[in-house]
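Inspection log for the structure reproduced underneath, given as C-alpha cells.
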Number of protein chains: 2
Amino acid sequence: MTVTDFLLNLVPFSQEELNDIMLHFEEEKVKKNELLLKEGKICNKLYFIQEGMSRSYYLKEDGKEVTQWFFGEGQFMSSADSFFNQTASFYNLEILEDSILYSITFEKMEFLLAKYHKMEKCIRLLSIEMFTTLIRKMNATQFHTAKEKYDYMISEFPNIAHRISLGHIASYLGMTQETLSRIRKNESLKKK
Amino acid sequence: MTVTDFLLNLVPFSQEELNDIMLHFEEEKVKKNELLLKEGKICNKLYFIQEGMSRSYYLKEDGKEVTQWFFGEGQFMSSADSFFNQTASFYNLEILEDSILYSITFEKMEFLLAKYHKMEKCIRLLSIEMFTTLIRKMNATQFHTAKEKYDYMISEFPNIAHRISLGHIASYLGMTQETLSRIRKNESLKKK
DNA sequence: GTGATTTTTTGATATAAGTCAAAGGAAATT
DNA sequence: AATTTCCTTTGACTTATATCAAAAAATCAC
C-alpha cells in the first residue's frame with residue numbers, strides 16, 4: 001500500500017490534490033536498529049511505512065524498554081503527541097527491519113492542513129483511528145490474563161507479530177518475558 | 001466553561017461562525033443515573049458537559065461494569081468510536097450527577113465539518129487530545145502498582161475524583177474495590 | 001427517624017504473574 | 001566454521017492483588 005492509496009482510502013482527493021500533497025513527502029530508506037527519534041527531542045516528522053516495520057517505545061523507571069506500539073506496512077508512524085503538539089517526545093522511534101518510509105515534516109503538514117479542507121478531515125479520521133486502536137488495546141489488556149493479552153496481540157498484528165521479538169511483545173503487553181514464554185508454551189501444549 | 005469557550009480555545013472561529021455552529025447544539029438537562037446511550041446502540045450524539053459529570057462504561061464477561069472514562073465540566077463526552085464511525089457502541093454513557101449538556105447529532109456535526117474547514121481542524125485537535133489522554137492512562141497504569149495507579153487517577157481528575165464512587169474508580173483503574181480500599185487506607189496512614 | 005439498600009472496609013486465603021538465576025537455543029560476528 | 005552475543009525458556013521462589021465472605025459505614029426511600 002502506498003501513501004496515496006492510504007489517503008484515498010480515507011478521503012476522495014483529486015489526482016491534482018494528491019500530486020501536490022506527495023510533493024511534500026520524501027522517501028527515506030532506513031536500516032534496522034536506526035533510531036528515528038529519541039525521547040526528549042521534538043518529533044518533527046510523520047512517517048508512512050511503505051516497507052518494513054517499526055516500534056515506538058519508552059524507558060520505564062528501572063531503565064527497561066516498554067514498547068508502546070508497532071507499526072507495519074501501510075501505516076503512519078509517529079510519536080503522535082510530540083508531532084502534533086510539537087512538544088518533547090516521551091517515546092523513541094526504532095526501526096525493526098530495513099524499511100522504506102515516506103516522511104513529511106510538521107511544517108509541511110501544517111501547510112497542507114491549512115491548504116486543504118480534505119487534509120484536515122483526513123488527519124482527523126487518522127486520529128480517531130489511532131484513538132480507536134488504543135482503546136482496543138486497553139480493553140483487551142485491562143482485567144485480562146496474560147494469555148488473553150497474548151491472544152489480543154496476535155489478532156491485532158496478525159501480519160507482523162511473527163516478525164517481532166518476544167521481548168518486545170512482552171513489554172507491549174505489559175508483562176515479563178518469562179510470563180510470555182510460559183503462556184506460549186501452554187498454548188502450544190493445548191493445541192495438541 | 002461553555003461550548004463556545006471550548007471551541008475558541010482550539011480554533012479562532014469568528015463570532016458569526018460560532019453563532020451558526022451553536023444553532024446546531026441543543027441544551028439538555030439530565031438526571032443522575034440516566035443512561036444516554038446503551039451498548040449495542042449507535043451513538044448519534046456528541047455531548048458537551050456544561051455542568052455535572054458522567055462516565056462511559058462497558059460490561060466485562062462476568063457482567064461487572066468497567067468504567068472506561070469520566071467526563072467533567074468543560075469536556076466533550078461520547079462513545080467516540082461509535083459516534084464518529086456510526087457503529088454499534090461498546091459503551092454505555094451514564095450520568096453521574098444531575099447535568100446540563102449541550103448536544104449535537106452526528107448529521108449536524110458532519111454538516112458543520114463539511115461547511116467549515118476550521119471545524120475539521122477543531123475536531124482533529126479534539127481527537128488528538130483524546131488520544132493523548134488515553135496514552136497517558138496506559139503509561140500510568142501498565143507496569144505500575146495499584147498505589148501508583150491511584151495517584152495517577154487523582155492527578156488526572158483532580159476536580160472530580162472526590163465526587164466519584166470508589167467502585168467506579170477501582171474499575172477505571174483496572175483493580176478491585178478491595179484493593180483500592182486497602183491502598184487508600186495505606187495512603188492515609190502514611191500521611192500521619 | 002427507621003428500615004432497607006448500597007458502598008466501603010476488613011480478614012483470610014488463593015493465585016496469577018513477577019523476580020532471580022541460569023540453561024538452552026538462535027542469530028550475529030569474526 | 002567457531003565464537004560471541006543476544007534471545008528464549010526453564011526452575012524455584014516471592015509478591016501484589018484477586019477472590020470470597022462478612023462486618024461496618026454511608027446513603028437512600030418512606
Please give me every residue in residues 150-171 of chain B whose heavy atoms get under 4.0 Å of an atom in DNA chain C, ordered by residue number.
B:Ser165, B:Leu166, B:Gly167

Chain B reaches DNA chain D, atoms under 4.0 Å from its heavy atoms, from D:dT17 to D:dC28

Check: [X] ring centroid to [Y] ring centroid under 6.0 Å:
X	Y	result
B:Phe6	B:Phe48	yes
B:Phe25	B:Tyr102	no
B:Tyr152	B:His144	no
B:Phe106	B:Phe83	yes
A:Tyr47	A:Phe76	no

Rounded to whole angstroms, how far apart are [atom1] on [X] and [atom2] on [N]?
X	N	atom1	atom2	result
B:Met175	C:dA17	CE	C1'	16 Å
A:Leu173	C:dA17	CG	C1'	14 Å
A:Arg182	C:dG18	CZ	P	10 Å
A:Gln177	C:dC20	CD	C1'	13 Å
B:Lys64	C:dT7	NZ	C1'	14 Å
B:Ile183	C:dT9	CD1	C1'	13 Å
A:Leu180	C:dA17	CG	P	12 Å
B:Lys185	C:dT7	NZ	P	22 Å

Think B:Ser181 has a side-chain N or O under 4.0 angstrom from the OP1 or OP2 of C:dT8?
no

Give me the ring orientation class for B:Tyr172 and B:Phe70: parallel if the planes are under 30° apart, tilted from 30 to 60°, perpendicular past 60°.
tilted

Yes or no on ring pair (Phe, Tyr, Trp, His ring centres under 6.0 Å) for A:Phe131 and B:Phe131, after CA distance, side-chain angles and deciding distance?
CA-CA 5 Å; A:Phe131 175 75; B:Phe131 175 74; 7.7 Å; no

Using a distance-only test with no angle check, is there a side-chain donor-acceptor pair under 3.5 angstrom linking A:Ser79 and A:Ser89?
yes

Minimum side-chain heavy-atom gap A:Ser99-A:Glu51 below 4.5 Å
no

Nucleotide of C:dG18, C:dG11, C:dC20 approaching A:Glu178 most closely (side-chain heavy atoms)
C:dC20

5′-ward residue of the pair B:Lys32/B:Thr179 relative to DNA chain D:
B:Thr179

